[in-house]
Amino acid sequence: MDERIVGGIACVLAAVPAIVLGLRFRAGRNLEMIAGYQADRIRDKDGFGRFMGFWMLVIAALVIALGAGIALVPERHAHWLALGMVAAIQVPILRILLGA
């Protein structure tokens, strides 16, 4: 099997835990898994769960897009794709850090 296909599959598999966590956070479950979460300091637990879950799903979607790009983009452009996707993933990470 081509190593680019394997890389793409690895990215998709790596995104599965983020999808599961994002969906669970959006449902208001497992919020205690979030670092620094203190239930007594959060006024709107449902809103906090939706916020964290949404951005986790955005990160998962970007990782899946990276995997698709690795598998499908010509090798001469792959390094630019990887660089761009890693930079794009920083946006939701910063949003989570600053918004939480």
Side-chain angles (χ1 to χ4, degrees):
M1 186 181 281
D2 185 24
E3 63 265 2
R4 291 176 45 211
I5 301 294
V6 173
I9 292 171
C11 285
V12 171
L13 291 176
V16 170
I19 292 170
V20 171
L21 283 175
L23 292 173
R24 291 191 65 82
F25 291 164
R26 283 189 60 80
R29 289 184 245 146
N30 299 106
L31 296 177
E32 67 277 356
M33 292 178 62
I34 299 168
Y37 175 76
Q38 296 176 359
D40 56 333
R41 295 183 66 195
I42 305 286
R43 283 183 261 159
D44 182 12
K45 291 179 185 168
D46 290 333
F48 181 70
R50 284 190 308 272
F51 171 80
M52 294 299 285
F54 172 77
W55 288 108
M56 287 293 292
L57 292 173
V58 169
I59 291 170
L62 288 170
V63 172
I64 290 171
L66 174 63
I70 288 172
L72 302 174
V73 170
E75 194 169 337
R76 64 180 182 187
H77 299 300
H79 62 283
W80 290 111
L81 169 83
L83 182 64
M85 292 305 288
V86 168
I89 289 172
Q90 301 311 307
V91 173
I93 290 173
L94 286 173
R95 182 67 181 116
I96 287 173
L97 291 174
L98 298 176

Visitor: Between atom CD1 of Ile70 and atom CD of Glu3, what is the distance when rounded to the nearest 0.5 Å?
Guide: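 Here the interatomic distance stands at 11.5 Å.
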
Visitor: Looking at side-chain heavy atoms only, is the closest gap between Ile64 and Ile19 below 4.5 Å?
Guide: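 Ile64 reaches Ile19 side chain to side chain.
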
Visitor: Using a 4.5 Å cut-off between side-chain heavy atoms of Ile, Leu, Val, Met, Phe, Trp and Tyr, which other residues end up in the same hydrophobic cluster as Val86?
Guide: none

Visitor: What pairs with His79 under side chain to side chain contact (heavy atoms under 4.5 Å, CB included), at least two apart in sequence or on another chain?
Guide: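 Side chain to side chain contact (heavy atoms under 4.5 Å, CB included) list for His79, sorted by chain: empty.
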
Visitor: Same hydrophobic cluster for Leu66 and Trp55, using side-chain heavy-atom links shorter than 4.5 Å among ILVMFWY?
Guide: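 Yes; Trp55 is reachable from Leu66 via cluster members.
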
Visitor: Take Arg26 and Leu57, measure what side-chain contact (heavy atoms from CB on, under 4.5 Å) needs, and give me the verdict at the end.
Guide: CA-CA 10 Å; Arg26 283 189 60 80; Leu57 292 173; 3.6 Å; yes

Visitor: Which heavy atom in Cys11 sits nearest to a heavy atom in Gly67, and how many Å separate them?
Guide: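 Heavy atoms of Cys11 and Gly67 come nearest at CB-CA, 3.4 Å.
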
Visitor: Out of curiosity, Leu31 CG to Lys45 NZ, how far, rounded to the nearest 0.5 Å?
Guide: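 Between atom CG of Leu31 and atom NZ of Lys45 there are 8.5 Å.
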
Visitor: So do Val91 and Arg95 actually touch side chain to side chain, heavy atoms under 4.5 Å?
Guide: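 Arg95 does not reach Val91 side chain to side chain.
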
Visitor: Where is the tightest heavy-atom contact between Ala60 and Ala15, given as atom of each residue plus distance?
Guide: O-CB, 3.7 Å

Visitor: Is Val63 reachable from Val16 through a run of I, L, V, M, F, W or Y residues, each pair having side-chain heavy atoms under 4.5 Å apart?
Guide: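 No: no chain of side-chain contacts under 4.5 Å links Val16 to Val63.
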
Visitor: Is it the case that atom CD in Glu75 sees more than 12 heavy atoms from other parts of the structure closer than 6.0 Å?
Guide: no

Visitor: Using the rule that Ile, Leu, Val, Met, Phe, Trp and Tyr join whenever any side-chain heavy atoms are under 4.5 Å apart, tell me whether Met85 and Leu72 fall into a single cluster.
Guide: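 Each belongs to a different hydrophobic cluster.
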
Visitor: Any donor and acceptor pair, going by atom type alone, linking the side chain of Arg4 with main-chain N or O of Val73 inside 3.5 Å?
Guide: yes

Visitor: At what distance, to the nearest 0.5 angstrom, does CZ of Arg43 lie from CZ of Arg41?
Guide: 11.0 Å

Visitor: Using the rule that two of Ile, Leu, Val, Met, Phe, Trp, Tyr join whenever any of their side-chain heavy atoms come within less than 4.5 Å, decide whether Ile42 and Met56 are in one cluster.
Guide: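 Yes, because Ile42 and Met56 connect within a single hydrophobic cluster, where side-chain heavy atoms sit under 4.5 Å apart.
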
Visitor: What about Phe51 and Tyr37, same hydrophobic cluster or not, with Ile/Leu/Val/Met/Phe/Trp/Tyr joined at side-chain heavy-atom distances under 4.5 Å?
Guide: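 As far as the 4.5 Å side-chain criterion goes, Tyr37 and Phe51 are connected within one cluster.
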
Visitor: Under the rule for ring-ring contact (aromatic ring centres under 6.0 Å, His included), what residues qualify as partners of Phe54, not counting sequence neighbours?
Guide: none

Visitor: Restricting to non-hydrogen atoms, name the atom on Pro92 and the atom on Leu62 that form the minimum distance, rounded to 0.1 Å.
Guide: CG-CD1, 4.0 Å

